[in-house]
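To start, the structure itself, in structure tokens.
Read the numbers this way: they start at 1 and go in the same order the structure lists the ligands and their atoms.
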Amino acid sequence: MRIVVLGSAAGGGFPQWNCGCFNCRRARSGDPEARPRTQSSLAVSAVSDRDCGPGWYLLNASPDIRQQIEQTPALHPPEGRLRGSPIAGVILTNADVDHIAGLLSLRERQPISLIATYAVHRILCQNPVFSVLDPSVVSRRTLPLNEPVILEAGGAEALSVTAFPVPGKVALWMEDAAGGDLQAREGDIVGLEIAGGTTGARFFYIPGCAAMTAELADRLQGAALVFFDGTAWSDDEMKTAGVGEKTAARMGHMSMSGPAGSIAAFAGLEVRRKIFIHVNNTNPALIASSPERRFAHENGWEIAEDGQEVML
Ligand code: MLT
Ligand code: MN
Ligand code: ZN
């Protein structure tokens with residue numbers, strides 16, 4: 001299995017267009033300690049060699065998808081074809097703007113499948129702009145919860161995906177419609193377990209998670225690789241950075257640090273490789289030489305970088 005980090009930042013990217021915080025200014029100045037990042041997404045293929053042809057699946061469709069595809073040669077149209085793409089489908093973890101806006105950039109009548117829970121498909125169906133993905137070309141496939149689904153790969157080896165519920169809240173742009181009850185309902189937000197390939201490898205993609213439950217800890221125990229919600233270092237960092245009042249918890253994200261944070265939550269779990277992804281531009285761990293980055297490293301965590309590849 002071959003995994004490419006298409007983007008590693010949270011919504012807004014790094015630097016964020018309207019942000020003059022300490023981190024964003026460093027990134028804009030070209031400081032190598034503060035490498036820019038596009039909004040979070042992975043590409044995954046069952047086959048692990050360099051030139052693996054069709055059968056790539058994108059995990060979420062970020063607003064930066066066009067740039068991400070251009071920067072990843074394996075996702076370019078096949079040699080000698082006027083139109084075509086090795087991208088077989090997109091799998092969504094929720095309906096946040098940073099996970100669905102890129103769908104609108106995939107409207108050029110390329111047959112792909114759009115795979116999401118019933119709840120997320122329902123949100124997309126209620127918003128007519130997404131009908132730009134012509135249903136006669138783009139098939140919509142419903143992801144059940146806790147049940148593996150085989151992903152077709154155009155003759156190449158197949159992957160399977162299992163979606164499972166994680167704690168979280170409704171999408172930011174749906175908050176008003178939710179009438180004050182921000183608690184996610186079944187299928188609003190999921191993590192993904194992807195398995196398959198010649199090695200039978202498995203990994204987890206969880207870019208948004210509000211808390212570590214006993215059930216989630218059990219599921220992740222013994223995993224070879226987990227990409228996990230790295231939005232915030234501390235719950236009040238937006239406030240400390242002077243860019244907003246919202247806490248990470250209010251946004252549906254657990255923080256990296258602190259007794260209820262993700263570093264502590266994973267400390268008792270056996271997970272071979274742990275990579276933070278969906279990192280917000282205010283997170284001090286984005287700075288390569290920061291004490292926060294060092295602390296994360298010392299606890300066995302990497303901070304994902306755009307273009308990073310993992311073979312499993
Ligand atoms: C989040 O991860 O909290 C959302 O992406 C926020 C947003 O949509 O801007
Ligand atoms: Mn997000
Ligand atoms: Zn910023």
Side-chain angles (χ1 to χ4, degrees), residues 5-31 33-42 58-65 68 91-104 116 120 123-124 127 166-178 182-184 188-192 205-211 227-256 262 276-287 290 292 304 306:
V5 176
L6 298 179
S8 50
F14 182 51
Q16 178 175 309
W17 71 283
N18 65 342
C19 192
C21 79
F22 174 73
N23 281 359
C24 285
R25 277 186 284 115
R26 278 186 81 162
R28 232 173 249 122
S29 75
D31 185 338
E33 299 279 304
R35 289 184 57 173
R37 286 167 161 81
T38 62
Q39 294 164 85
S40 60
S41 177
L42 297 184
L58 308 189
L59 311 188
N60 290 327
S62 105
D64 301 315
I65 195 166
Q68 293 170 338
I91 311 171
L92 303 176
T93 59
N94 67 0
D96 269 335
V97 168
D98 56 341
H99 294 163
I100 63 171
L103 294 174
L104 302 177
V120 170
I123 292 169
L124 298 181
N127 193 326
V166 292
K169 70 164 193 66
V170 297
L172 176 63
W173 61 280
M174 297 284 291
E175 284 188 4
D176 287 345
L182 304 183
Q183 186 81 22
D188 277 344
I189 175 162
V190 295
L192 302 175
Y205 186 56
I206 309 172
C209 184
F227 288 91
F228 196 76
D229 184 344
T231 309
W233 176 260
S234 51
D235 198 44
D236 61 354
E237 80 186 29
M238 302 252 291
K239 195 172 176 156
T240 311
V243 297
E245 291 298 315
K246 268 190 195 168
T247 61
R250 168 65 183 78
M251 295 189 297
H253 299 289
M254 61 197 291
S255 303
M256 293 181 179
S262 44
F276 280 125
I277 195 161
H278 188 278
V279 187
N280 196 52
N281 61 77
T282 49
N283 189 325
L286 278 174
I287 307 296
S290 65
E292 291 84 358
D306 289 21

Opening angle between SG in Cys19 and SG in Cys21, taken at the Zn ion (ligand 3), to 10 degrees: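 Rounding to the nearest 10 degrees gives 110°.
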State whether the number of non-hydrogen atoms from other residues, nucleotides or ligands found under 6.0 Å of [X] atom [atom1] is greater than 12.
X     : atom1 : value
Arg26 : CZ    : yes
Glu33 : CD    : yes
Asn18 : CG    : yes

Just need the protein heavy atom nearest to [atom], so name the residue and atom and give the distance.
atom                   : answer
atom 1 (C) of ligand 1 : His253 NE2, 3.3 Å
atom 6 (C) of ligand 1 : Leu172 CD2, 4.0 Å
atom 4 (C) of ligand 1 : Asp96 OD2, 3.5 Å

N, O or S atom of His99 closer to the Mn ion (ligand 2) than 2.8 Å: no
Ligand 1 contacted by His99 (non-hydrogen, < 4.0 Å): no
NZ/NE/NH1/NH2 to OD/OE distance under 4.0 Å, Arg250 and Glu175: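 Glu175 and Arg250: salt-bridged.
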What atoms of ligand 1 come closer than 4.0 angstrom to any heavy atom of [X]?
X      : answer
His278 : 2 (O)
Asp98  : 5 (O)
Met251 : 3 (O)

Under 3.5 Å donor-acceptor, Asp229 side chain and Thr231 backbone: yes
Backbone of Asp64 reached by a side-chain donor or acceptor of Thr38 within 3.5 Å: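 No; zero donor-acceptor contacts below 3.5 Å.
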For the Mn ion (ligand 2): the N/O/S atom of Asp98 at shortest distance: OD2
Check: Leu92 and Ile100 side chains under 4.5 Å, non-hydrogen atoms: yes
Side-chain H-bond candidate by donor/acceptor type, Asp236 with Thr247, under 3.5 Å: no
Metal check, the Zn ion (ligand 3) vs Asn23 N/O/S, cut-off below 2.8 Å: no
